[in-house]
Amino acid sequence: MIRLCRTRTLRALRTELDQARAAAKAAQEETEQRRQEAELATDSAIRAEDVAERLLTRVARTTADAIELHREAEALRQRLAAAEARVMELGGGDR
């Protein structure tokens with residue numbers, strides 16, 4: 001009788017141990033999967049930040065170029081107005 005109880009108890013303990021091992025293995029696998037997902041997310045965030053920095057640099061460069069072109073256009077308008085005034089002054093506007 002004692003031997004039968006001990007055998008049942010040992011079987012139950014082995015079953016619990018097997019279940020605990022299976023749960024631990026599943027937890028380790030899930031942990032590894034989550035670690036890989038976190039790594040991918042970090043890599044994606046780094047790439048996104050790099051792209052954002054490059055885009056901001058391009059925006060700044062484009063803005064500076066637009067300002068310079070606006071200044072050049074304004075200078076050309078002034079030169080054109082001065083040339084037209086000179087032509088009118090010389091009487092060349094009577095066509």
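Values below: every heavy atom of this structure, side chains too, minus hydrogens, waters and symmetry copies. Just so you know, these numbers come straight off a predicted model, no measurement behind them. All residue numbers in this chain count up from 1 along the given sequence.
The salt bridge (charged side-chain N to carboxylate O under 4.0 Å, His left out) test applied to E49 returns no partner, not counting sequence neighbours. Every residue two or more places apart in sequence or in another chain that forms a side-chain contact (heavy atoms from CB on, under 4.5 Å) with V51 is listed here: R54, L55. With sequence neighbours excluded, the residues forming a salt bridge (charged side-chain N to carboxylate O under 4.0 Å, His left out) with E39 are R35, listed by chain and number. E53 pairs by the salt bridge (charged side-chain N to carboxylate O under 4.0 Å, His left out) definition with nothing, not counting sequence neighbours.
To the nearest 0.5 Å, atom OG1 of residue T9 and atom CD of residue E16 are 10.5 Å apart.
Between the side chains of E37 and Q33, at least one donor-acceptor pair of N or O atoms lies under 3.5 Å.
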Result block: side-chain N/O donor-acceptor pairs under 3.5 angstrom for residues 65-84, not counting sequence neighbours:
from	atom 1	to	atom 2	distance (Å)
E74	OE1	R77	NH1	3.0

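Residue pairs meeting the salt bridge (charged side-chain N to carboxylate O under 4.0 Å, His left out) criterion with at least one member in residues 20-31, sequence neighbours excluded, are E30-R34.
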